[in-house]
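First listed ligand is number 1; within each ligand, the first listed atom is number 1.
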Amino acid sequence: MDPTLRRQGEAARGFLLPSEGLALHGAGLIGGQVGPLLEVGSYCGKSAVYLGAAARECRTVLYTIDHHRGSEEQQPGQDYYEPGLVGPDGRIDSLPALRVTLAEAGLDEEVVIIVARSGTVSTYWRTPLGLVFIDGSHTEESVRADFQGWSPHLIAGGILAIHDVFPDPADGGGAPFLIFTEALASGAFEPLVEEASLRVLRRIA
Ligand code: MG
């Protein structure tokens, strides 16, 4: 397939483009000076490699959270179902793929895998963070809960990154765009970088 077409398809599916990965890595290098990094939505670990490498350079860690049961659109019969990610119980399980990705990248020490729902972890979380990357479920309820659950843990000077920010909901990113807009409007964040559907903000208050 034509690489440009494939990239467009991958962007629409919520996958991280190489240019977004590099921007995310740069954001991780800034956030990693401030505190540990945290990602919501590990899936098979592509963004965890970019952020985990930044964590290693900053001598900190990346926490990556996912229930690994797949998002709404990844369930059997849905558009983004991956038959290769079915566990022994017949349910989606992306954890083995994540572990392979991190081991191959040599990031087992720097990336801490948390298998849970994001809200369950944020409720009990106590460690101030240097970066929060929101890339989990795309329902408005989930994206809002991720933002509200994690942004209070961001240290001033820390980074908020949001993936799949598309101003036009027809492109598949209505809820992340909404939360990006609300974060800016709150006055607590300033925009730093825009790369494809990735938005990078810095906490200023
Ligand atoms: Mg995404």
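The Mg ion (ligand 1) does not have H138 among its coordinating residues (no N/O/S atom, backbone or side chain, under 2.8 Å).
Sorting the N, O or S atoms of D135 by how far they are from the Mg ion (ligand 1) puts OD1 first. The closest approach of D164 to the Mg ion (ligand 1), by N/O/S atoms, is made by OD2. Looking only at its N/O/S atoms, H163 has ND1 as the one nearest to the Mg ion (ligand 1).
Counting only distance, with no hydrogens or angles, the side chain of R91 and the backbone of P88 share no donor-acceptor pair below 3.5 Å. Checked by atom type and distance alone, the side chain of R203 pairs as donor or acceptor with a backbone atom of S151 at under 3.5 Å.
Side-chain contact between F133 and Y50 is absent, with no heavy-atom pair separated by less than 4.5 Å.
Side-chain atoms of S47 and E39 form a donor-acceptor pair, as typed in the model, at a separation below 3.5 Å.
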